[in-house]
*Asks:* 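If you scroll down you'll find the structure; I have some questions about it.
Computed from a predicted model, the values in this text were never measured in an experiment.
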Amino acid sequence: MRQVLLATVAVAAFGIVAMAGPARAEDGKVLNIYNWSDYIGTDTIANFEKATGIKVSYDTYDANETLDGKLKAGHSGYDLVVPSLTPFLAEQIQSGIYQPLDKSKLPNWSHLDQGLLKRMAVYDKDNAHAIPWVTGTTGIGVVMEKVKAIMPDAPVDSLKFFFDPAILSKFKGCGVTMLDTPNDVFPAVLHYLGLNPDSQKKEDLEKAADVLMKIRPYIRKFDSSEYINDLVNGDVCVSWGYSSDVTLAKRRATEAGKGVTVVYNIPIEGSQRYIDTMAMPKDAPHPDAALKFLNYILQPEVMAETSNTIYGQSGNADAIKFVKPEIASNPGIFPPAEVEAKLFLVSVSTKEIERLKTRLWTKIKSGH
């Protein structure tokens, strides 16, 4: 997934003291969390600290790749991290990065969404290492006033709106952004081409890259964080983004009252479902504190606070009764069954295919 800022920023809204990296083990009752920004309830950390006396050091990162690099370097100092299920958590489990969760200390485990757990178990046998944190989709975010002014009949609910250069070129002037991660873009392009969105074939990925090269001239920037505020302010008019990001932008734009209407659409052809998880590195310095935090946030009313803050679907099935009605009834956040049937996950690629994606992505971003 993804909402992001630079690492080790102060999250003033949460009352969290920013740290220059994780707190040390000898610092006492502390817990080091590494998460995406704008990805937790406003008061969740403060309430946990008050309830337990455990001080939280809370850092944020800008992409799954950033987290992956830090974990694989070893001794990250973090107790809990939030990787996306595929391909990141799945591959990291294979690499032995995480320790199994002691479920005897997680009595609130029963509140988790069984459907999500079943999907996760494909990559994490017996759901040994992670809980589902937040789930969502990749799709199209637009500022409706600007898009309709340029193209009144714009197909804003279709993949062709973003990946057909004849259409996307019309919006170059008002600003187009794309997520800065190949794993959340290539599957959509493959799907647009009528190919397997989880294809591991070199020739299919090269076809997808060709499509991206054709729309490259119309993309203002590749970004997985600033586009939220860019949409809010009307500085861009089209974004390929995450559902939770764009719906958060929609809420902020409405609150700002400046006549900017942000809309999120899951493409009618279908799109990628992401599942962001929470897991404990095997060298976590404070495992007991981490388990206390996990059990705390597994309370439905606590996890509902995150849904109500970020306008996203949590991995806690029983939280729904505490979620604001306008969120629970939003089909862009909680897709109906007919839309859910068109959503897909991606699997772990071989190292060779990952290197190919990286090479192609570098070429796409450079434009040549």
*Asks:* Starting at CE of M280, measure out to CG of D102 and round the result to the nearest 0.5 Å.
*Replies:*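 These two atoms lie 8.5 Å from each other.
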
*Asks:* Quick one: pull up OG1 in T44 and CD in Q299 and give me the separation to the nearest 0.5 Å.
*Replies:*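 Here the rounded value is 10.5 Å.
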
*Asks:* Applying the 4.5 Å side-chain criterion to the ILVMFWY set and letting contacts propagate, would F88 and M120 be lumped into a single cluster?
*Replies:*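 Unlinked, F88 and M120 end up in two clusters.
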
*Asks:* Donor-acceptor pair, distance only, cut-off 3.5 Å: does the side chain of D180 make one with the backbone of S224?
*Replies:*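 A pair under 3.5 Å: no.
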
*Asks:* Could you check L117, L116, I297 and say which one makes a side chain to side chain contact (heavy atoms under 4.5 Å, CB included) with I131?
*Replies:*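 Option passing the side chain to side chain contact (heavy atoms under 4.5 Å, CB included) with I131: I297.
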
*Asks:* Could you verify whether a donor N or O on one side chain and an acceptor N or O on the other, from N64 and S84, lie under 3.5 Å apart?
*Replies:*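 Checked: N64/S84 side chains pair up, N/O donor to acceptor below 3.5 Å.
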
*Asks:* Are the side chain of S271 and the backbone N or O of T138 linked by a donor-acceptor pair below 3.5 Å?
*Replies:*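 Yes.
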
*Asks:* Mind jotting down which residue pairs meet the ring-ring contact (aromatic ring centres under 6.0 Å, His included) criterion with at least one end in residues 322-368? Sequence neighbours excluded, please.
*Replies:*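 Non-adjacent pairs meeting ring-ring contact (aromatic ring centres under 6.0 Å, His included): H191-F344, F222-W361.
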
*Asks:* Quick one: does K146's side chain have a donor or acceptor within less than 3.5 Å of a partner on G234's backbone?
*Replies:*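 Such a contact is found between K146 side chain and G234 backbone.
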
*Asks:* Hey, mind stepping through Y58 and Y39 against ring-ring contact (aromatic ring centres under 6.0 Å, His included) and telling me if it holds?
*Replies:* CA-CA 11 Å; Y58 191 99; Y39 222 39; over 10 Å; no

*Asks:* Any idea which heavy atoms bring A249 and V232 closest together, and the distance?
*Replies:*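 Closest approach of A249 to V232: O-CG2, 3.4 Å.
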
*Asks:* Run the salt-bridge test on K207 and E203 with the 4.0 Å N-O cut-off and return the result as yes or no.
*Replies:*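 Not counted as a salt bridge, because no side-chain N and carboxylate O are separated by less than 4.0 Å.
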
*Asks:* Compare all side-chain heavy atoms of N330 with those of Y264 and state whether any distance is below 4.5 angstrom.
*Replies:*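 The answer is no; the side chains never approach within 4.5 Å.
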
*Asks:* Can you confirm whether P331 sits close enough to V339 that some side-chain heavy atom of one is under 4.5 Å from a side-chain heavy atom of the other?
*Replies:*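 The answer is no; the side chains never approach within 4.5 Å.
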
*Asks:* So do the side chains of N183 and E354 get within less than 4.5 Å of each other, counting heavy atoms only?
*Replies:*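 They are in contact (side-chain heavy atoms under 4.5 Å apart), so the answer is yes.
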
*Asks:* Are any side-chain N or O atoms of Q99 and backbone N or O atoms of P281, one a donor and one an acceptor, separated by less than 3.5 Å?
*Replies:*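 Judged by distance alone, yes, a pair lies under 3.5 Å.
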
*Asks:* Taking the side chain from D198 and the backbone from S347, do they hold a donor-acceptor pair closer than 3.5 Å?
*Replies:*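 Between the backbone of S347 and the side chain of D198 there is a qualifying donor-acceptor contact (under 3.5 Å).
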
*Asks:* Tell me the closest heavy-atom pair linking S239 and F162, and the distance in Å.
*Replies:*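 Looking at all heavy atoms of both residues, the closest pair is C-CE1, 3.8 Å.
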
*Asks:* Taking the side chain from T247 and the backbone from Y311, do they hold a donor-acceptor pair closer than 3.5 Å?
*Replies:*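 Here the side-chain-to-backbone pair exists.
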
*Asks:* Are R252 and E255 ion-paired here, with the side-chain N under 4.0 Å from a carboxylate O?
*Replies:*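 Salt bridge between R252 and E255, a charged N being under 4.0 Å from a carboxylate O: no.
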
*Asks:* Crowded around K324 NZ? As in, over 12 foreign heavy atoms under 6.0 Å?
*Replies:*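 For K324, atom NZ is crowded (more than 12 foreign heavy atoms under 6.0 Å).
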
*Asks:* With side chain to side chain donor-acceptor pair (under 3.5 Å) as the criterion, how do D223 and T177 come out once you've worked through the C-alpha distance, each side chain's angles and the decisive distance to 0.1 Å?
*Replies:* CA-CA 7 Å; D223 167 63; T177 72; 5.5 Å; no

*Asks:* Could you check whether T66 and Y34, counting side-chain N and O atoms only, form a donor-acceptor pair closer than 3.5 Å?
*Replies:*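 Checked: Y34/T66 side chains show no N/O donor-acceptor pair below 3.5 Å.
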
*Asks:* Between the side chains of T42 and E305, does any donor sit under 3.5 Å from an acceptor?
*Replies:*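 Distance-only check fails for T42 and E305.
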
*Asks:* Does NZ belonging to K72 count more than 12 external heavy atoms closer than 6.0 Å?
*Replies:*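 Enclosed.
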
*Asks:* Is there a side-chain contact between Y98 and L71 in this structure, where contact means two heavy atoms from C-beta onward sitting under 4.5 Å apart?
*Replies:*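 Yes, at least one pair of side-chain atoms sits under 4.5 Å.
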
*Asks:* CD1 of I310 to CG of L248: how many Å apart, nearest 0.5 Å?
*Replies:*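 One gets 8.0 Å once the value is rounded to the nearest 0.5 Å.
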
*Asks:* With the 4.5 Å side-chain cut-off for hydrophobic clustering, are Y227 and Y218 part of the same group?
*Replies:*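 Per the 4.5 Å side-chain linkage, Y227 and Y218 are co-clustered.
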
*Asks:* What closest approach, in Å, do L101 and A130 show between heavy atoms, and which atom pair accounts for it?
*Replies:*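 Heavy atoms only, the tightest pair is CD1-N, 3.8 Å.
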
*Asks:* Is any side-chain heavy atom of S57 less than 4.5 Å from a side-chain heavy atom of V30?
*Replies:*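 Side chain of S57 against side chain of V30, heavy atoms only: no contact under 4.5 Å found.
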
*Asks:* In terms of side-chain geometry, is the basic nitrogen of E340 or R119 positioned less than 4.0 Å from the acidic oxygen of its partner?
*Replies:*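 Yes, charged N to carboxylate O under 4.0 Å.
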
*Asks:* Run the salt bridge (charged side-chain N to carboxylate O under 4.0 Å, His left out) test on D230 and K221 for me, step by step, so that the C-alpha distance in whole Å, both residues' side-chain angles and the decisive distance to 0.1 Å come before the verdict.
*Replies:* CA-CA 11 Å; D230 288 343; K221 64 179 176 180; 2.8 Å; yes

*Asks:* In terms of heavy-atom contacts, does NZ of K160 have more than 12 from other residues, nucleotides or ligands at under 6.0 Å?
*Replies:*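 At most 12 heavy atoms, drawn from other residues, nucleotides or ligands, come within 6.0 Å of this atom.
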
*Asks:* Same cluster or not: are L291 and I54 linked, directly or through other Ile, Leu, Val, Met, Phe, Trp or Tyr residues, by side-chain heavy atoms under 4.5 angstrom apart?
*Replies:*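 Yes.
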
*Asks:* Any idea which heavy atoms bring F186 and L205 closest together, and the distance?
*Replies:*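 Of all heavy-atom pairs spanning F186 and L205, the closest is CE2-O, 3.8 Å.
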
*Asks:* Can you find a pair of side-chain heavy atoms, one from V302 and one from N47, that are under 4.5 Å apart?
*Replies:*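 No, side chains not in contact.
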
*Asks:* Which atoms form the tightest heavy-atom contact between P325 and S329, and what is the distance?
*Replies:*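 Where P325 meets S329 most closely, the heavy atoms are O-OG, 2.7 Å.
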
*Asks:* Are the side chain of D164 and the backbone of A166 linked by a donor-acceptor contact shorter than 3.5 Å?
*Replies:*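 A pair under 3.5 Å: yes.
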
*Asks:* Taking everything shown except K172 itself, do over 12 heavy atoms lie less than 6.0 Å from its NZ?
*Replies:*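 Count not over threshold, so no.
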
*Asks:* Please check if the side chain of R216 supplies one atom and the backbone of I219 the other of a donor-acceptor pair under 3.5 Å.
*Replies:*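 Looks like yes, one N/O pair under 3.5 Å.
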
*Asks:* Could you tell me whether K214 atom NZ has more than 12 heavy atoms of other residues or ligands within 6.0 Å of it?
*Replies:*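 For K214, atom NZ is not crowded (no more than 12 foreign heavy atoms under 6.0 Å).
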
*Asks:* Report whether L193 and I268 are members of the same hydrophobic cluster (ILVMFWY, side-chain heavy atoms less than 4.5 Å apart, transitive linking).
*Replies:*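 Result: no, two separate clusters.
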
*Asks:* Could you walk me through whether E352 and R355 pass salt bridge (charged side-chain N to carboxylate O under 4.0 Å, His left out), step by step?
*Replies:* CA-CA 5 Å; E352 180 183 1; R355 286 193 292 268; 5.9 Å; no

*Asks:* Side-chain donor-acceptor pair under 3.5 Å between K105 and N295, yes or no?
*Replies:*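 Per modelled atom types, K105 and N295 side chains form no pair under 3.5 Å.
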
*Asks:* How about S349 and Q200: does a side-chain donor come under 3.5 Å of a side-chain acceptor?
*Replies:*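 Their side chains do contain a donor-acceptor pair, which is all the 3.5 Å distance test asks for.
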
*Asks:* Quick one: CD on E301 to CG on N316, what's the gap to the nearest 0.5 Å?
*Replies:*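 Rounded to the nearest 0.5 Å, the CD-CG separation comes to 9.0 Å.
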
*Asks:* What's the separation between atom CG in D184 and atom OH in Y274, rounded to the nearest 0.5 Å?
*Replies:*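 D184 atom CG to Y274 atom OH measures 9.0 Å (nearest 0.5 Å).
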
*Asks:* Kindly assign one of parallel, tilted or perpendicular to the pair Y242 and W36, based on the angle between their ring planes and the thresholds 30° and 60°.
*Replies:*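 It falls in the perpendicular class, over 60°.
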
*Asks:* Quick one: are V185 and P182 in side-chain contact, heavy atoms under 4.5 Å?
*Replies:*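 No, side chains not in contact.
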
*Asks:* Dump the intermediate steps for side chain to side chain contact (heavy atoms under 4.5 Å, CB included) on L298 and L112, then the final yes or no.
*Replies:* CA-CA 7 Å; L298 287 177; L112 289 171; 3.4 Å; yes

*Asks:* Under a 4.5 Å side-chain heavy-atom rule over Ile, Leu, Val, Met, Phe, Trp and Tyr, are V122 and V346 clustered together?
*Replies:*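 No, separate clusters.
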
*Asks:* Quick one: does any side-chain atom of N265 pair with a main-chain N or O of I140 as donor and acceptor, under 3.5 Å?
*Replies:*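 Judged by distance alone, no pair lies under 3.5 Å.
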
*Asks:* Which distance, rounded to the nearest 0.5 Å, do you find between the CD1 of I40 and the OG of S314?
*Replies:*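 Here the interatomic distance stands at 12.0 Å.
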
*Asks:* Do V134 and Q313 come within less than 4.5 Å of each other through their side chains, counting heavy atoms only?
*Replies:*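 No, too far: nothing below the 4.5 Å cut-off.
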
*Asks:* What pair of heavy atoms forms the shortest contact from N127 to A121, and how long is it?
*Replies:*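 Heavy atoms only, the tightest pair is ND2-N, 3.6 Å.
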
*Asks:* Would you tell me whether S158 and E269 have side-chain atoms, one donor and one acceptor, within less than 3.5 Å of each other?
*Replies:*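 A donor-acceptor contact under 3.5 Å links the two side chains.
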
*Asks:* Answer yes or no: is there a donor N or O on one side and an acceptor on the other, between the side chain of D79 and the main chain of H286, under 3.5 Å?
*Replies:*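 Indeed, once roles are kept as given, a pair shorter than 3.5 Å links the two residues.
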
*Asks:* Please say whether more than 12 non-hydrogen atoms of neighbouring residues, nucleotides or ligands are located less than 6.0 Å from NZ in K170.
*Replies:*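 No, NZ of K170 has 12 or fewer neighbouring heavy atoms, counting only those of other groups under 6.0 Å.
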
